[in-house]
Amino acid sequence: MRPIPQALALADALAAQLSDPNTAWAAQAPGKRAWPQSLAGGAAGIALLHIERAHCGRGEWSTVHTWLASATADDLTAAANASLYMGAPALAFAMHAAAHGSSRYQRALKKLDDATVTVTRRRLAQAHDRIDRGDPPAMKEFDVIRGLTGLGAYHLGRHPDHPITTEVLAYLVRLTTLRPQKQGLPPWWTDVAPNGEASPDYPGGHGNFGMAHGIGSVLALLALSLLNGPALPGTREAVERICDWTDHWRQHDPTGSWWPGFITLNQVRRQQLDPALRPRPSWCYGIAGTARAQQLAGLALGDRTRQETAEHAMLATLQDPDQLDMLTETGLCHGTAGLLQAAWRMATDAATPALAAELPRLTDRLTQQLARLNPRDPELLDGIAGTALALHTLGTNTVPRSNWDAFLLLA
């Protein structure tokens with residue numbers, strides 16, 4: 001696939017709108033508050049856009065420094081709710097991306113590393129205690145946004161040989177190895193609703209497939225550890241156990257294969273899903289996340305059939321206007337930018353060039369959506385910073401030098 005110059009030009013224009021932290025929030029939707037140490041919605045996340053551009057020679061390191069200074073203006077947050085997306089780990093992720101291949105920010109990174117390791121060890125102790133009690137997990141224990149999979153993504157990218165990386169991966173393997181709960185439910189089944197709270201609408205809880213809050217992120221991280229190291233004993237078997245469950249619930253219709261975002265206890269009892277429950281093709285719950293996780297698993301296991309099933313599922317989505325119309329937003333989490341970045345990552349690893357052929361049309365769709373977008377939130381996860389990063393990827397057609405999309409577990 002060739003670079004798309006118009007995508008790069010639009011990414012440049014969006015980055016220019018976000019050059020100054022003092023003015024970038026002016027177009028934000030009323031009532032929203034930016035937390036500086038938030039990767040999703042604060043300065044730490046917007047810094048990633050400028051970091052990637054600076055690595056590629058299209059931005060200035062002075063702009064990066066300005067945004068990182070804004071992100072670190074408050075006292076460091078390493079409280080119980082610190083995660084890849086908030087607090088010390090979020091800042092560590094951004095600083096590591098900036099420092100890649102250089103001696104930049106090493107003193108700050110040491111402090112952030114120490115804080116992140118402390119947070120991770122505390123969370124691991126709590127998770128193992130929960131497993132020992134035999135209680136079901138909360139999504140925030142293991143998911144990528146709030147939990148140990150997200151912390152593991154940071155450690156795997158930052159220091160794969162550090163003991164903390166092994167400890168997180170070992171926990172994730174253990175998460176999958178418990179005996180199934182009653183009624184054949186997997187050990188990662190939660191007893192709450194998809195919003196993380198107990199609800200009478202979800203008696204018996206739910207099983208979550210998504211990349212944002214479900215087992216999809218665990219599958220992706222374990223697959224990446226098999227592909228790139230460290231490959232712990234039991235990891236391959238853990239990936240296979242997750243795949244067995246997702247295979248059982250994979251659906252087929254005339255437009256291709258798809259996976260649900262989550263299932264309920266009633267659906268398990270009936271062993272049936274309503275086709276209307278097919279999620280929009282977003283990163284958080286839809287094809288953008290689940291198909292990439294399946295592709296990574298296929299690559300890690302040497303399972304060509306699994307890989308091709310995932311790639312064909314993504315291709316069918318990209319060729320289905322009805323599915324694309326479900327993405328009414330532009331961002332990485334819920335919108336077209338997330339699908340675009342995931343599809344690009346899948347195309348770079350795909351066994352067929354058909355995926356790459358669809359990306360220019362998806363880029364045009366995102367460009368048209370942006371033209372109608374008002375107001376424009378600046379943030380990374382749902383705003384124009386993340387959209388600009390996806391456009392930058394298509395515009396350069398090169399692997400992100402900062403590996404910024406590791407926070408989405410796409411790589």
Side-chain angles (χ1 to χ4, degrees), residues 38-41 81 83-86 123 127 130 135-151 153 172 175-176 180-221 242 245-251 258-294 317 323 326-329 331-335 338-339 342 381-382 407-410:
S38 168
L39 203 62
N81 65 340
S83 67
L84 176 61
Y85 280 58
M86 174 62 76
R123 299 285 292 277
R130 190 272 308 165
D135 296 337
M139 290 185 294
K140 64 183 179 181
E141 175 186 297
F142 66 84
D143 72 15
V144 67
I145 290 183
R146 298 170 297 176
L148 282 159
T149 301
L151 293 168
L172 294 174
L175 177 68
T176 75
Q181 300 176 24
K182 59 185 178 180
Q183 302 181 72
L185 304 180
W188 53 85
W189 187 276
T190 70
D191 59 359
V192 296
N195 66 359
E197 303 294 332
S199 169
D201 295 331
Y202 290 86
H206 78 288
N208 201 302
F209 293 76
M211 281 283 262
H213 298 296
I215 202 64
S217 62
V218 178
L219 179 61
L221 185 63
I242 298 171
W245 188 66
T246 59
D247 287 352
H248 179 79
W249 291 102
R250 185 176 68 238
Q251 305 295 299
W258 57 275
W259 295 262
F262 59 85
I263 57 173
T264 65
L265 186 57
N266 185 48
Q267 289 162 346
V268 171
R269 289 169 176 163
R270 291 187 291 112
Q271 287 292 297
Q272 186 177 1
L273 285 178
D274 183 343
L277 295 175
R278 180 174 184 169
R280 60 187 173 181
S282 61
W283 167 78
C284 50
Y285 276 99
I287 280 287
T290 53
R292 176 56 170 168
Q294 291 290 325
T317 295
Q323 289 298 310
M326 294 175 71
L327 295 178
T328 59
E329 302 175 42
L332 291 172
C333 186
H334 303 112
L339 179 62
L381 193 60
D382 285 317
F407 90 98
L408 301 170
L409 278 173
L410 296 177

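Between Trp258 and Pro279 there is a side-chain heavy-atom pair separated by less than 4.5 Å. Between Leu409 and Ser217 there is a side-chain heavy-atom pair separated by less than 4.5 Å. Contact check for Leu185 versus Leu265: side-chain heavy atoms found under the 4.5 Å cut-off.
Without hydrogens or angle criteria, His206 side chain to Trp189 main chain gives no donor-acceptor distance under 3.5 Å. The backbone N or O of Leu410 sits less than 3.5 Å from a side-chain atom of Arg292, completing a donor-acceptor pair. Put simply, the side chain of Tyr85 gets close to the backbone of Phe407: a donor and an acceptor are under 3.5 Å apart. Under a 3.5 Å cut-off, the side chain of Gln267 and the backbone N or O of Thr264 do form a donor-acceptor pair. With hydrogens and angles disregarded, a donor-acceptor distance shorter than 3.5 Å links the side chain of Ser83 to the backbone of Ile145.
The distance from atom OG1 of Thr149 to atom CG of Leu84, rounded to the nearest 0.5 Å, is 10.0 Å. Remark: Glu329 CD to Leu327 CG distance equals 8.5 Å, nearest 0.5 Å. Expressed to the nearest 0.5 Å, how far NE2 of His334 lies from CE of Met326 amounts to 13.0 Å. For the atom pair OG1 of Thr176 and CH2 of Trp245, the computed distance is 12.5 Å after rounding to the nearest 0.5 Å.
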### Message
Walk me through whether Arg146 and Asn81 qualify under side chain to side chain contact (heavy atoms under 4.5 Å, CB included).
### Response
CA-CA 7 Å; Arg146 298 170 297 176; Asn81 65 340; over 6 Å; no
### Task
Decide side chain to side chain contact (heavy atoms under 4.5 Å, CB included) for Ile263 and Phe209; before the verdict, give the C-alpha distance in whole Å, the side-chain angles of both, and the deciding distance to 0.1 Å.
CA-CA 8 Å; Ile263 57 173; Phe209 293 76; 3.8 Å; yes
### Verdict with reasoning, Thr190 to Asn208, per side chain to side chain contact (heavy atoms under 4.5 Å, CB included)
CA-CA 8 Å; Thr190 70; Asn208 201 302; over 6 Å; no
### Query
Please walk me through it: do Trp283 and Leu332 pass side chain to side chain contact (heavy atoms under 4.5 Å, CB included)?
CA-CA 7 Å; Trp283 167 78; Leu332 291 172; over 6 Å; no
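Ring planes of Phe262 and Tyr285: perpendicular class, angle over 60° (limits at 30 and 60°).
Residues Met211 and Ala293 approach most closely at SD-CB, 4.1 Å, considering heavy atoms. Of all heavy-atom pairs between Lys140 and Arg123, the closest is O-NH2, 2.8 Å. Heavy-atom minimum distance, Asp247 versus Gln294: OD1-OE1, 4.3 Å. Smallest separation of non-hydrogen atoms from Leu339 and Ala288: CA-CB, 3.8 Å. Across Pro187 and Pro137, no two heavy atoms sit closer than the pair O-CD, 3.5 Å. Nearest heavy atom pair, residue Pro136 against residue Arg130, reads O-CD, 3.5 Å.
Each of Val218, Ile215, Ile242, Leu219 was compared with Leu172 under the side-chain contact (heavy atoms from CB on, under 4.5 Å) criterion, and only Val218 meets it. Among Arg250, Arg278, Gln251, the single residue meeting the side-chain contact (heavy atoms from CB on, under 4.5 Å) criterion with Trp259 is Arg250.
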